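Worksheet: one structure, shown below.
All figures in this text were calculated on a predicted structure; none of them were measured in a lab.
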Amino acid sequence: MIGIGDMTAPIAYSSSSALLLSSFQFISKTKTVLPQFHQSFSSTQKTHFLSHLSTTSSRFSLQNGRNFGTHFPSKVYASSSVGNSEYAEEPATSVKFLKSAYLPGCSSSLSLLGTGYREKVFAIIGVKVYAAGLYVNPSLLNELSPWKGKSKPEVEQDLALFQSIYQSPLEKSLQIALVRDVDGKTFWDALDEAVSPRVKAPTDVDKLALSTFRNIFQALSLKKGTLILLTWLEPSQMLVSVSLNGIPTKVDATIESLNVTKALFDVFLGESPVSPTLKSSVANGLAITLKK
């Protein structure tokens, strides 16, 4: 499930030979302009980059001066998404998730395990609010050998497995992609409704963490397409990143409370998750991976 992110700049050519020439020129320029970036990519990744450019014209973004990720607008990319191995599509919302991504605060690229969606019921009508994808540090999967060979239903019902993922000191991140406009207060209120009951007898540390979390969203107008990252660096530390346009490139807040970070993980992957489709998809991804 691990892919290699593309590295590019905005390019649009009608001639494939001109495109390849420009690509070589771009790589050569990075030796001078961005030497650290150029050295961080292997020859295989550069070859992959050139091959990708020769078959499609895309819009690309530079992240933090060293890691490049690719963002394709839905309208442009929808027709070719099935044939591209870089993305996985959440079927109910048609939201596309990179199979491998560099996320703010993480030490390495994280790999997508599964996707799902969150639905709220209004006047007996279910309305999809966002799609979500769970990413993990690939090395984390090595810690799950006791569950090797388990079926998807066995994985999904085993709370100890998900607790093991949460307790690992390796990074995992939940990417939330809004599929409709939501004001920040409404988003937080819905999340807090699920989180607060899971934080029993909150301490001052817990209250501060919840207040920090709430303040991120209170004044925001979250438009369709907004991406939110909840990234657990370790059990007691979680990063929150929000971007109205593409994958976030910075950390907006750090939540340091074991009770709060655990509650948030439980909201999505615990016994009664707010997105059963996400947990089911993650369980399927784990079962497939642990068979290897």
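Judged purely by atom type and a 3.5 angstrom limit, Ser100 has no side-chain atom pairing as donor or acceptor with the backbone of Ser111. With Glu90 contributing its side chain and Ala92 its backbone, the two residues share a donor-acceptor pair below 3.5 Å. Formation of a donor-acceptor pair under 3.5 Å by the Lys172 side chain with backbone atoms of Leu170 is found in this model. Looking at Asn259, its side chain never comes within 3.5 Å of a backbone N or O of Val199 through a donor-acceptor pair. Between the side chain of Asp266 and the main chain of Ala263, no donor-acceptor pair closer than 3.5 Å is present. No side-chain donor-acceptor contact under 3.5 Å links Ser281 to the backbone of Gly114. Listed for the Thr226 side chain is no donor-acceptor partner under 3.5 Å among the backbone atoms of Leu178. For the pair Thr212 (side chain) and Leu208 (backbone), a donor-acceptor distance under 3.5 Å is present. The main-chain N or O of Gly285 is found under 3.5 Å from a side-chain atom of Thr289 such that the two form a donor-acceptor pair. Side-chain N or O atoms of Asn284 include none that pairs as donor or acceptor with a backbone N or O of Ser280 at under 3.5 Å.
By the ring pair (Phe, Tyr, Trp, His ring centres under 6.0 Å) test, Phe265 pairs with Tyr166, Trp232, sequence neighbours left out. Listed by chain and residue number, nothing satisfies the side chain to side chain donor-acceptor pair (under 3.5 Å) test with Ser221 (two or more places apart in sequence, or in another chain). Scanning for side chain to side chain donor-acceptor pair (under 3.5 Å) contacts around Glu256 gives an empty result, with sequence neighbours left out. Under the rule for a side chain to side chain donor-acceptor pair (under 3.5 Å), Lys223 has no partner lying at least two apart in sequence or in another chain.
In the hydrophobic clustering of this structure, Leu264 does not group with Leu233; members are Ile, Leu, Val, Met, Phe, Trp, Tyr whose side-chain heavy atoms approach within less than 4.5 Å, directly or through other members. Residues Leu134 and Leu191 fall within the same hydrophobic cluster, defined by Ile, Leu, Val, Met, Phe, Trp and Tyr side chains chained together at heavy-atom separations under 4.5 Å. Under the 4.5 Å side-chain heavy-atom criterion for Ile, Leu, Val, Met, Phe, Trp and Tyr, Leu258 and Leu269 are members of the same hydrophobic cluster. Both Val129 and Val267 are members of a single hydrophobic cluster when ILVMFWY side chains are connected at heavy-atom separations under 4.5 Å. Taken together through direct or relayed side-chain contacts under 4.5 Å among Ile, Leu, Val, Met, Phe, Trp and Tyr, Val242 and Leu174 form part of one hydrophobic cluster.
Within 6.0 Å of NZ on Lys148 lie more than 12 heavy atoms contributed by other residues, nucleotides or ligands. Crowding of Asp204 atom CG: a count of heavy atoms from other residues, nucleotides or ligands under 6.0 Å not exceeding 12. Atom NZ of Lys279 has more than 12 neighbouring heavy atoms from other residues, nucleotides or ligands inside a 6.0 Å radius. At most 12 non-hydrogen atoms from other residues, nucleotides or ligands lie less than 6.0 angstrom from NZ of Lys185. Counted within 6.0 Å of CD on Glu193, heavy atoms from surrounding residues, nucleotides or ligands total 12 or fewer; the atom is thus considered open.
The two residues Lys250 and Ser241 have their closest heavy-atom pair at O-OG, 2.8 Å. The nearest pair of heavy atoms linking Asp206 to Ala201 is OD2-O, 4.5 Å. Here the shortest heavy-atom pairing between Ser236 and Thr261 reads CA-OG1, 3.9 Å. Here the closest non-hydrogen pair linking Ser151 and Glu154 is N-OE1, 2.8 Å. Nearest approach of Ala177 to Leu227, heavy atoms of both residues: CB-CD2, 3.4 Å. When all heavy atoms of Pro273 and Gly270 are compared, the closest pair comes out as CD-O, 3.4 Å.
Pairs of residues two or more places apart, or lying in two chains, that qualify as ring pair (Phe, Tyr, Trp, His ring centres under 6.0 Å) and include a residue from residues 206-225 are Phe187-Phe217, Trp188-Phe213, Phe213-Phe217. A ring pair (Phe, Tyr, Trp, His ring centres under 6.0 Å) check over residues 266-292, counting only residues at least two apart or in different chains, returns nothing.
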**Q.** side chain to side chain contact (heavy atoms under 4.5 Å, CB included) between Arg214 and Asp192, worked out
**A.** CA-CA 8 Å; Arg214 180 178 61 251; Asp192 186 46; over 6 Å; no
Q: Evaluate the criterion side chain to side chain contact (heavy atoms under 4.5 Å, CB included) for residue pair Ile165 and Leu140; output intermediate values, then yes/no.
A: CA-CA 7 Å; Ile165 293 174; Leu140 188 154; 4.0 Å; yes
Q) Should Thr277 and Thr115 be marked as a side chain to side chain contact (heavy atoms under 4.5 Å, CB included) after you check the CA-CA gap, both sets of side-chain angles, and the distance that decides it? A) CA-CA 7 Å; Thr277 55; Thr115 64; over 6 Å; no
Q) Can you list the steps and then say if Ser164 with Glu143 is a side-chain hydrogen bond (donor to acceptor under 3.5 Å, both in side chains)? A) CA-CA 8 Å; Ser164 180; Glu143 301 176 4; 5.3 Å; no
Q: Please test Tyr135 against Leu98 for side chain to side chain contact (heavy atoms under 4.5 Å, CB included), starting from the C-alpha separation and ending with a verdict.
A: CA-CA 10 Å; Tyr135 290 82; Leu98 279 167; 4.1 Å; yes
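Within the 4.5 Å cutoff, the side chain of Phe162 has heavy atoms near those of the Val282 side chain. At a threshold of 4.5 Å between non-hydrogen side-chain atoms, the residues Leu239 and Pro104 do not count as touching. No side-chain heavy atom of Trp147 sits under 4.5 Å from any side-chain heavy atom of Leu286. Between Glu271 and Leu159 the shortest side-chain heavy-atom distance falls below 4.5 Å.
Taken to the nearest 0.5 Å, the OG atom of Ser173 stands 11.5 Å off from the CG atom of Asn137. Taking CG from Leu244 and CG from Leu220, the interatomic distance works out to 7.0 Å, rounded to the nearest 0.5 Å. Atom-to-atom distance recorded for Lys99:NZ and Ser109:OG is 13.5 Å, nearest 0.5 angstrom. Taken to the nearest 0.5 Å, the OG1 atom of Thr254 stands 6.0 Å off from the CD atom of Gln237. Atoms CG and CG, on Leu229 and Leu103 in that order, are 5.5 Å from each other to the nearest 0.5 Å. Taking CD from Gln167 and CD from Glu234, the interatomic distance works out to 13.0 Å, rounded to the nearest 0.5 Å.
Relative to the ring axis of Tyr87, Lys96 does not place its NZ or CZ within 45° and under 6.0 Å from the centre.
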